Structure formats: structure tokens, C-alpha cells
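We're numbering straight along the sequence, starting at 1. Side-chain atoms are counted along with the backbone in the values below, which use heavy atoms only and exclude waters and symmetry mates. Bear in mind the structure is a predicted one, so any value in this text is a computation, not a measurement.
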Amino acid sequence: MLHAASPVHDFDAAAPRRRERALEDLRGGLSRWRLAWALARSDITHRYRGSVLGPFWLTLSTAVMLGALGILYAKLFRVDVAAYLPWLAVSLIVWNTISQIVTDATTSLTGAEGVIRQMPLPYSVHALRVVFRNAVIAAHNLPLIAVVFAWFGVLPGWGVLAAIPGFVLIAAAAFAASLFLGMVCARFRDIPPIVASVMQIAFFVSPVIWKPDMVGHWEPFLAINPFFAVMETVRAPLMGGSAGLLVWASAIIWTSALVAGAWVFFVRFRGRIAFWV
């Protein structure tokens with residue numbers, strides 16, 4: 001006698017197990033880091049297909065902007081070019097990395113719409129893809145710092161190794177932002193232009209072109225700015241200094257808040273991502 005097979009329920013509305021499914025997604029995504037790496041390299045390869053310099057166009061454009069802004073603002077701020085340009089090189093490259101991460105985070109899921117609809121991959125793979133893609137782009141620009149330092153004879157010493165925790169912090173924030181902004185922007189398509197506008201404002205209100213000491217007694221309050229706090233954890237060691245406890249505390253608090261917000265949102269709305277994209 002044949003017995004009817006028991007039905008398999010992939011989802012039980014009475015017991016959705018959202019947290020367990022979210023954890024499974026994260027574990028599955030992190031275990032597939034090689035796939036995320038391959039997708040990130042493919043993104044960069046396709047973006048510059050047919051180009052002579054390829055991704056080194058980013059390095060060239062950054063170098064041109066650095067030279068133009070460095071000479072101009074050194075004159076406007078009445079500071080020595082030899083002292084200002086190395087600082088600007090670190091600031092601009094670190095800021096460009098953070099800004100590009102935020103911009104890419106808004107399309108981390110909508111940009112992978114075809115993959116999401118066709119393959120049962122963990123959504124965290126696409127967030128990891130954004131992190132790897134921007135890490136490769138940053139790796140093309142970081143040698144510019146060494147070139148500028150060598151040109152002006154700046155020797156930061158072994159203290160530059162203190163920037164490694166800052167890079168780890170940026171990577172963690174990038175992963176969380178890719179999940180959070182990816183979901184929000186998939187649900188509300190008006191958010192990406194708003195984020196782009198916010199990043200433009202953040203560029204001018206953050207000490208990227210101007211130095212923190214230029215605001216006088218307001219300098220301690222700069223740590224409230226999350227972009228400055230995270231950026232300074234990398235910039236200060238590269239310049240041979242230290243970010244300070246207040247800056248590190250602010251950077252860790254802001255990053256932890258972003259990670260917590262992304263986790264809560266991912267647990268609650270992960271099951272709707274396929275419908276949003």
C-alpha cells in the first residue's frame with residue numbers, strides 16, 4: 001500500500017523562525033565568500049571591458065583630482081603644499097572609498113535582481129560582493145598615497161599598521177550598510193537619490209578638504225559625525241598619528257548601531273526581499 005508523502009512546509013506563518021533563517025543566510029553567505037569574490041571581480045571586469053587602462057582609470061582620475069584640489073586649496077587655505085597634499089591624498093582616497101561603498105550599498109540587491117529571482121543564493125552574498133568590489137577599487141587607489149608620501153618625503157613609520165583595525169571597521173560597516181540600504185532601497189526606490197544628496201552634503205561638512213583644527217574650539221564635536229569618526233580611524237594612523245579614544249569610541253558606536261539596525265531589519269524583512277526587487 002502506498003502512503004501519501006507528508007507535505008513539506010518551507011514556511012510556517014505561525015512560527016516563521018525569522019532569526020534562524022537570517023542566521024542561516026549569514027552563515028551561507030559568508031561560507032560562499034569565494035563566489036562573492038568572483039562576482040565582485042566580474043563586476044569590475046565588465047565595467048571596464050574594452051578599456052585600455054581598465055580600473056586604473058579610477059587611479060588616474062583620483063590623481064588628477066588630487067593634484068588640482070591640492071594646489072588650489074593649499075593656496076586658498078594659505079598652507080604649504082608639501083604639508084597639505086599628503087594629508088589631502090589620504091583624506092580623499094579614504095573618503096572616496098566610504099562614499100562609493102554607501103552608493104553601491106543602495107543597489108546591492110536591486111542590482112542583483114536577476115540572480116535573486118533565478119537562484120536560491122543567500123542575500124548576504126550580494127552584500128559581501130559590494131565589500132569585495134570596493135576593496136578592489138580601494139586597492140587601486142591606495143598606492144597613490146605611497147607615491148605622494150615618497151614625493152614629499154613623508155615617512156609615517158610602522159604606525160600605519162594601526163590603520164588595519166580602521167579598515168576592518170569600514171568593512172564591517174560596509175557589509176551592514178549593504179544589507180540595510182539594499183533592503184530599504186529595494187522597498188523604496190526614492191531612497192538612492194536621497195542618499196546621494198546626503199553624501200554630497202557630508203563631503204563638505206566633514207573634514208575631507210579642510211583640516212579639523214580649522215574649526216577651532218568646535219573640533220571635539222567633529223566626533224559626532226559618523227563619516228569623520230570612521231574615516232579618522234584610518235587617516236590618522238596613515239598620517240603617523242593616532243585617532244584618539246573619543247574618535248574610536250564614536251566610530252565603534254556608530255558602526256555597532258548600523259550593524260544592529262541592519263540585523264533587526266534583515267531578520268524582520270528578509271522574506272520580502274525577493275518581492276521587493
Side-chain angles (χ1 to χ4, degrees), residues 10 20-62 93-94 96-144 163-186 192 195 230 234 255 258-259 262-263 265-267 269-277:
D10 292 331
E20 290 82 357
R21 291 176 181 273
L23 283 173
E24 290 173 3
D25 191 296
L26 290 178
R27 284 194 293 264
L30 294 176
S31 65
R32 290 174 172 84
W33 65 269
R34 293 181 180 84
L35 174 60
W37 171 248
L39 290 172
R41 287 189 304 170
S42 177
D43 290 339
I44 296 175
T45 301
H46 282 79
R47 182 181 300 179
Y48 297 99
R49 177 182 294 176
S51 172
V52 177
L53 295 179
F56 286 101
W57 274 113
L58 295 171
T59 308
L60 181 61
S61 62
T62 304
I93 290 172
V94 176
N96 285 344
T97 300
I98 294 175
S99 178
Q100 189 62 46
I101 286 172
V102 175
T103 302
D104 284 359
T106 60
T107 58
S108 62
L109 295 177
T110 55
E113 176 184 355
V115 178
I116 291 175
R117 292 184 179 275
Q118 296 179 29
M119 300 180 65
L121 283 177
Y123 297 119
S124 52
V125 166
H126 307 296
L128 199 59
R129 175 183 183 179
V130 171
V131 177
F132 284 149
R133 182 168 65 236
N134 284 279
V136 173
I137 295 173
H140 284 88
N141 290 329
L142 285 176
L144 275 177
I164 295 177
F167 283 116
V168 173
L169 201 66
I170 291 177
F175 183 77
S178 298
L179 281 179
F180 180 69
L181 288 178
M183 287 185 293
V184 173
C185 294
V195 172
V230 174
V234 174
T255 303
L258 177 60
V259 170
W263 169 247
F265 206 82
F266 189 60
V267 170
F269 299 108
R270 176 190 168 276
R272 304 183 187 182
I273 292 178
F275 301 97
W276 288 348
V277 297

Below 4.5 Å, heavy atoms only, C-beta onward: do Thr97 and Ile137 meet side chain to side chain? no

Could you work out, with side-chain contact (heavy atoms from CB on, under 4.5 Å) as the rule, every residue matching Leu144, not counting sequence neighbours? Thr59, Thr62, Ala63, Ile93

Provide the full list of salt bridge (charged side-chain N to carboxylate O under 4.0 Å, His left out) pairs with a residue in residues 118-128, sequence neighbours left out, each pair given once. none

Side-chain donor-acceptor contact under 3.5 Å, Asn141 with Asn96: no

Partner set under side-chain hydrogen bond (donor to acceptor under 3.5 Å, both in side chains) for Asp25, not counting sequence neighbours: Ser124, Arg270

What's the shortest heavy-atom distance between Leu179 and Phe266, and which atoms? CD2-CE1, 4.1 Å

Stepwise side-chain contact (heavy atoms from CB on, under 4.5 Å) check, Phe175 with Leu26: CA-CA 11 Å; Phe175 183 77; Leu26 290 178; 4.0 Å; yes

Return the set of residues passing salt bridge (Lys or Arg N to Asp or Glu O under 4.0 Å) with Arg129 (not counting sequence neighbours), or none when no residue passes. Asp43

Side chains of Thr110 and Trp276: closer than 4.5 Å at any heavy-atom pair? no

Measure across Ala40 and Phe132 and return the closest heavy-atom pair with its distance rounded to 0.1 Å. CB-CB, 3.7 Å

Test ring-ring contact (aromatic ring centres under 6.0 Å, His included) applied to Trp263 - qualifying residues, sequence neighbours left out: none

Output all residues satisfying salt bridge (Lys or Arg N to Asp or Glu O under 4.0 Å) with Arg117, sequence neighbours left out; order by chain, then residue number. Glu113

Looking only at heavy atoms, what is the nearest atom pair of Val130 and Asp104, with distance? CG1-CB, 3.9 Å

The criterion is side-chain contact (heavy atoms from CB on, under 4.5 Å); which residues satisfy it with Leu35, sequence neighbours excluded? Arg32, Leu39, Leu121, Val125

Restricting to pairs with a member in residues 169-183, which pass salt bridge (charged side-chain N to carboxylate O under 4.0 Å, His left out), not counting sequence neighbours? none

By ring-ring contact (aromatic ring centres under 6.0 Å, His included), Phe180 pairs with (sequence neighbours left out) Phe265

At their closest point, which heavy atom of Val267 faces which heavy atom of Ala22, and how far apart are they? CG2-CB, 3.8 Å

Could I get the full list of side-chain contact (heavy atoms from CB on, under 4.5 Å) partners for Ser61, not counting sequence neighbours? none

Quick one: list whatever passes side-chain hydrogen bond (donor to acceptor under 3.5 Å, both in side chains) with Ser42, sequence neighbours left out. His46

